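The structure appears right after this line, and notes come after that.
None of these values were measured; they are calculated from a predicted model. Chain naming here is simple, since letters A, B, ... match the order of the sequence lines and numbering starts at 1 in each. We use all heavy atoms of the structure for the numbers below, so side chains are in, but hydrogens, waters and symmetry mates are not.
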Amino acid sequence: MLDKVNDILAYDFVRNALLAGSIAAILGAVVGYFVIIRNVGFAAHALAHIGFTGATGAALLGLSSLQGMLVISCVAGTMMGISGNKLHRSELAIGMVLSFALGIGTLFLALYKGFVGQASSILFGNIFGVSQSQIVATMVLAILSLAALAIFSRRLLFASLQPDLAESRGISLTALSTAFMVILAIAVTLASQVVGILLVFTLVIGPAGIAARFCRGFWGSIFFSILIGLGSVWVGILLACVSNWPPSFWITAMIFVLYLFGETLSRYVLRLER
Amino acid sequence: MNSILSIRDLGIRLGGRQILHGVSAEIQEGEFIGIFGPNGAGKTTLLRALLGLCPISCGELLVFGKPPGKTKHALGYMPQHPGCPDGTGLSARSLVSAVLRGERWGIPWISSSASGEVSRALELSGASSYADRPFSLLSGGEKRRVMLAQSLIEKPRLLVLDEPLAGLDPKNQMLLVERIAQIRKETGATVLFISHDVNPLLGVMDRVLYMAGGGASLGAVDEVITGPVLSALYGMEVDVIRAANRVFIVNSESNVTETACHA
Ligand SMILES: Nc1ncnc2c1ncn2[C@@H]1O[C@H](COP(=O)(O)OP(=O)(O)O)[C@@H](O)[C@H]1O
Ligand SMILES: [Mg+2]
């Protein structure tokens, strides 16, 4: 068994995948917890999907898809943050913008035929294809995002749980949510490199959602969220090597099994359900 | 006299509608003010304005002698709707901890002295026994206690409570009012307390702010707790009967005595 793992780890592309996957999982786990308590899951989902338009647009302009996705998600995130609390929780507003953005993506796809082959790896992830330069970019972005969170996460937690009180103490909710949405845009873009745009939910909301169900405090939730995210990515990638099935399948399957396990645990053991 | 809240000819417009106009009131340090008025009278709006959450269109509003939002003194606020993400296991204690100096930069680390403060606030509001259970699973009354603890953190000199009794049964209403009265005695805080029911606050409040039709009038309890005023407040015929040092509020239409309380 260990020999087998050693053999697998001898490959560069596996080590790269593990590294990029771990970074995306850690950032996704931390950011995801705030997504859960701020109740902006649909916005997170939309930011990832809008990335598709960025990726196809980038192909038209001759840029890398990571750059395209990053730019468009950050722009969309900023707009959601500025538009205020009500709007970025409004499923109708987000749904409208999202479908229009994806429509534009379809147009780009029609204009640039050569992209169709790449589309599947954008949609479902291609973790074994990450290059050295992508890893460097991933690492830099993740460190910047986590550093920013380290600066304002206390305010963010307060404002997420008691927005009125936070505002009355002079915190600008708009500035805070805009900053958070940009970090969320970065997190979903990095996660989409691992599992693809369509499956981002699994890394950015899945682990945090599972942890938040049974953890009573902030730090415990963050810790278990990271543990779940990292564990699923590692096991998923190793199973993919052994089985030749795609890592995105294994990672989503792992998260789903953990979700079922967590629900059972919280329902029947911890009795969190009335 | 130490005026903690000074309102002069205050007017507030929201979404093109005049919500409040010509509201004036002076509230002294340590007073317990009951705020009454029909739905939509602007009670919540007034409290939000003094927290700096809602712009003032004319007049003056000073909290501790400063415009809202500029005061350095801690205000305790209990919103009308206790908000907490559903379906998470976040405990009441974590919720209260997040409020403690939540406006600081950095990570939400809770030092041991800070967690002591959180425990004290939970104890003061009587929520200690279920502080470690998930907030989303607490009963309505328990949630109110936790929200009260949250508003007590950082020892506020002004407590702003928006309908803390809503949805509580009479016994829990009485227990919560007793708690708040005791907290006020211990901390000397000024209390603004919105309620629909007059009875639980009789004997506890010093004065009454009665709001209706966009205006407000501040008066002694005896002036406001009268048949004509309460009839207008409840929108039905109500008589106030004083006998044997007690106040009886009687619903004249159904001839039922609602509740009796010490005056
Ligand atoms: N942001 C807003 N924009 C427009 N109207 C508002 C806004 N907030 C409150 N109102 C209106 O102001 C009136 C007073 O509301 P409120 O202060 O909540 O009343 P209550 O006395 O029941 O607490 C209501 O008619 C409400 O519809
Ligand atoms: Mg109200």
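Annotation: side chain of B/Pro108 is not in contact with side chain of A/Phe158 (no heavy-atom distance under 4.5 Å). Between A/Arg216 and B/Arg93 the shortest side-chain heavy-atom distance does not fall below 4.5 Å.
Among A/Arg169, A/Arg155, A/Arg154, the one residue that satisfies the side-chain hydrogen bond (donor to acceptor under 3.5 Å, both in side chains) test with B/Glu103 is A/Arg169.
B/Leu53 and A/Ser168 get closest at one heavy-atom pair: CD2-N, 3.6 Å.
With a 4.5 Å cut-off on non-hydrogen atoms, A/Ile36 touches chain B through its backbone and its side chain both. For B/Met78, no part lies under 4.5 angstrom from a heavy atom of chain A. With a threshold of 4.5 angstrom between heavy atoms, A/Ala166 does not approach chain B through any atom at all. If you measure heavy-atom distances from A/Gln162 to chain B, the contacts under 4.5 Å come from the side chain alone.
Taking B/Ser97, B/Ser94, B/Pro79 one by one and counting their heavy-atom pairs under 4.5 Å with chain A, the maximum is reached by B/Ser94. Among the candidates A/Leu157, A/Asp164, A/Ile171, the residue making the largest number of heavy-atom pairs closer than 4.5 Å to chain B is A/Asp164.
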TODO: Under the side-chain contact (heavy atoms from CB on, under 4.5 Å) rule, what do A/Phe218 and B/Ile107 come out as? Steps first, then yes or no, please.
DONE: CA-CA 11 Å; A/Phe218 173 78; B/Ile107 55 172; over 6 Å; no

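Counted within 6.0 Å of CZ on A/Phe42, heavy atoms from surrounding residues, nucleotides or ligands total more than 12; the atom is thus considered enclosed. Heavy atoms of other residues, nucleotides or ligands lying less than 6.0 angstrom from CH2 of B/Trp109 number 12 at most.
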